[in-house]
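Counting convention: from 1, in listed order, for ligands and their atoms alike. Keep in mind that the numbers below use all heavy atoms, side chains included, and drop hydrogens, waters and symmetry copies.
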Amino acid sequence: MAKGDRGTTTRGRQTTARPRRSGAAGAAEPELVQLLTPDGERVEKVTGPDGTEYTVDFTDEEYRGLYRDLVMVRKLDAEATALQRQGELGIWASLLGQEAAQVGSGRALRTQDMAFPTYREHGVLYCRGIDPIMPLGLFRGVDQGGWDPNEFKFGTYTIVIGAQTLHATGYAMGITMDGKTGGDDGEAVIAYFGDGATSQGDVNEAFVWAGVFNAPMVFFCQNNQYAISEPLERQTRIPLYRRADGFGFPGIRVDGNDVLATYAVTRAALDNARHGQGPTLIEAYTYRMGAHTTSDDPTRYRIASEVEAWQAKDPIARVRAFVEKQQIADADFFAEIDEEARREAVRLRERVLAMPDPEPVTLFDHVYANGSPLLDSQREQFSRYMESFEGSAH
Ligand SMILES: Cc1ncc(C[n+]2csc(CCOP(=O)(O)OP(=O)(O)O)c2C)c(N)n1
Ligand SMILES: [Mg+2]
């Protein structure tokens, strides 16, 4: 963390959030909100920069549920990576290492809240109750990633870096105009993006609009330390959460490998937004344990010791250590979850393999709701082209 940064906040007040030390690397970690240490010790509560007290009060069942979510999303993700390696998907963007950031924030959403994802939010998608098979058609190249964003309150995957932050801000301004904010049952919007995306004009424009119009927004940045091969220091000279200061709304950094802290911080920010208190930038400090996508080889640009240091902060191991210490889960429970995850992964695989290839001409079907003359002529042209192969070996 930058010199002079420790102990102060975006608003210049004192915070009780303490820098923590990494077990494996021994290096000081940046100041962040943490409620569960990598060893599985609970931190009772943390006071944020503006005096907000972050804590969670889950039942035993809910703690077990979070553990289950984390294991499920990791297993399904691993299966998708394997499917790509076997040629069944064109590409896959793994969430490995980011499970807590996604499950913590995903479970913090209330039913009425709207989420705008990137291409990596499979864990949030899972929490929104969307069948995990849904994005796989997109990555297999057999459909355009179609689920109904309104039905699930979860936008379509967005590959154009940062674009969804503008869509989200416009949506958030819209629900304010519709009078849908302002109470406990008010709506809030969350936009996901990465550390690299913070360098995009779109994201900075979204910050301006959301700030100026006090939009009911949470900007949720998963700082996984890399934008493909570009490390964080190529994006910023200050901690990302402090960017919010320049746009006039609060920013906070949370341990993105801590599902409890991520939940607490996201829930509080969403509740502020729904009550008309405007946007918050959350920087979930985490690490991309795998490759950027299956087309990438991270050994070309990062060293093994860095990956090992983050391995010691694994988001699932700490929840497991915690529930074991609390004696709220036994060996049978862990075995059952593993077995359930294995079954779901097998089912996912079977359904991917059974996906029919689409008629190539259907490519044009979902570009515009009501079509367009230009598209119609392109479809015509493409159909004639495809017909020219009829009867040939290809
Ligand atoms: C506008 C735009 N520019 C470039 C790309 C190519 N691209 C794909 S992913 C990526 C890096 C994104 O990094 P980050 O925002 O940190 O997200 P992460 O992939 O680490 O989750 C880039 C540059 C793109 N998809 N869109
Ligand atoms: Mg990144």
Side-chain angles (χ1 to χ4, degrees), residues 30 32 73-74 77 80-81 84 89-106 115-126 135 138-139 141 144-145 154-169 190-207 218-244 251 253-257 262 281-302 306-307 309-310 313 315:
L32 35 68
V73 301
R74 177 171 292 183
D77 182 75
T81 299
Q84 194 286 330
L89 300 180
I91 191 170
W92 181 244
S94 167
L95 60 60
L96 188 63
Q98 299 176 218
E99 297 87 352
Q102 297 197 12
V103 168
S105 59
F116 287 82
T118 71
Y119 40 79
R120 206 186 288 286
E121 267 68 74
H122 324 305
V124 186
L125 175 139
Y126 183 85
L138 177 70
F139 287 94
Q144 283 136 330
F154 187 77
T156 48
Y157 274 5
T158 304
I159 313 282
V160 181
I161 301 299
Q164 74 284 359
T165 59
L166 283 173
H167 308 155
T169 302
I190 190 166
Y192 288 87
F193 54 102
D195 44 293
T198 62
S199 299
Q200 287 289 119
D202 282 9
V203 175
N204 289 271
E205 289 160 23
F207 287 173
V218 174
F219 290 104
F220 193 91
C221 177
Q222 284 170 88
N223 175 1
N224 64 5
Q225 314 297 330
Y226 287 91
I228 314 185
S229 56
E230 287 295 298
L232 181 67
E233 64 260 26
R234 288 279 175 267
Q235 311 292 345
T236 186
R237 290 185 63 168
I238 59 161
L240 290 175
Y241 75 95
R242 287 180 53 199
R243 291 267 179 89
R253 183 182 259 172
V254 64
D255 181 347
N257 284 18
T262 306
L281 169 61
I282 298 174
E283 178 190 357
Y285 202 78
T286 181
Y287 194 76
R288 196 196 73 211
M289 293 302 290
H292 169 71
T293 66
T294 45
S295 305
D296 171 47
D297 173 7
T299 63
R300 301 285 294 272
Y301 55 83
R302 63 186 196 188
E306 181 182 292
V307 182
W310 278 92
K313 300 178 221 176

Set out, in order, the CA-CA distance, both residues' side-chain angles and the distance that settles side-chain contact (heavy atoms from CB on, under 4.5 Å) for Val103 and Val73, then state yes or no.
CA-CA 9 Å; Val103 168; Val73 301; 4.1 Å; yes
Contact residues of ligand 1, where a non-hydrogen atom lies under 4.0 Å away:
Tyr119, Arg120, Ile159, Val160, Ile161, Gly194, Asp195, Gly196, Ala197, Gln200, Asn224, Tyr226, Ala227, Ile228, His292
SB check Arg288 Asp296 (cutoff 4.0 Å)
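Yes.
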Answer yes or no: is there a donor N or O on one side and an acceptor on the other, between the side chain of Thr198 and the main chain of Leu240, under 3.5 Å?
no
Identify, with sequence neighbours excluded, every residue that meets side chain to side chain contact (heavy atoms under 4.5 Å, CB included) alongside Ala197.
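Listed in chain order: Ile161, Phe193, Val203.
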Kindly determine whether Tyr192 and Thr165 satisfy side chain to side chain donor-acceptor pair (under 3.5 Å), including the steps that lead there.
CA-CA 7 Å; Tyr192 288 87; Thr165 59; over 6 Å; no
Determine the interplanar angle of the Phe219 and Phe207 rings, folded into 0 to 90°, and report it as parallel if under 30°, tilted if 30 to 60°, perpendicular if over 60°.
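It falls in the perpendicular class, over 60°.
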Quick one, His292 with Arg120, criterion side chain to side chain donor-acceptor pair (under 3.5 Å). Give me CA distance, side-chain angles, the key distance, then yes/no.
CA-CA 10 Å; His292 169 71; Arg120 206 186 288 286; 3.1 Å; yes
Distance-only criterion, 3.5 Å: show the donor-acceptor pairs between side-chain atoms of residues 225-232 and protein atoms not counting sequence neighbours.
{"from": "Gln225", "atom 1": "NE2", "to": "Thr286", "atom 2": "O", "distance (Å)": "3.1"}
{"from": "Tyr226", "atom 1": "OH", "to": "Glu306", "atom 2": "OE1", "distance (Å)": "3.3"}
{"from": "Tyr226", "atom 1": "OH", "to": "Glu306", "atom 2": "OE2", "distance (Å)": "2.8"}

Under-2.8 Å protein N/O/S neighbours of the Mg ion (ligand 2), ordered by chain then residue number
Asp195 OD1, Asn224 OD1, Tyr226 O
If we count only N and O atoms by modelled type, under 3.5 Å, do the side chains of Thr118 and Glu121 hold a donor and an acceptor together?
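Yes, Glu121 and Thr118 have a side-chain donor paired with an acceptor closer than 3.5 Å.
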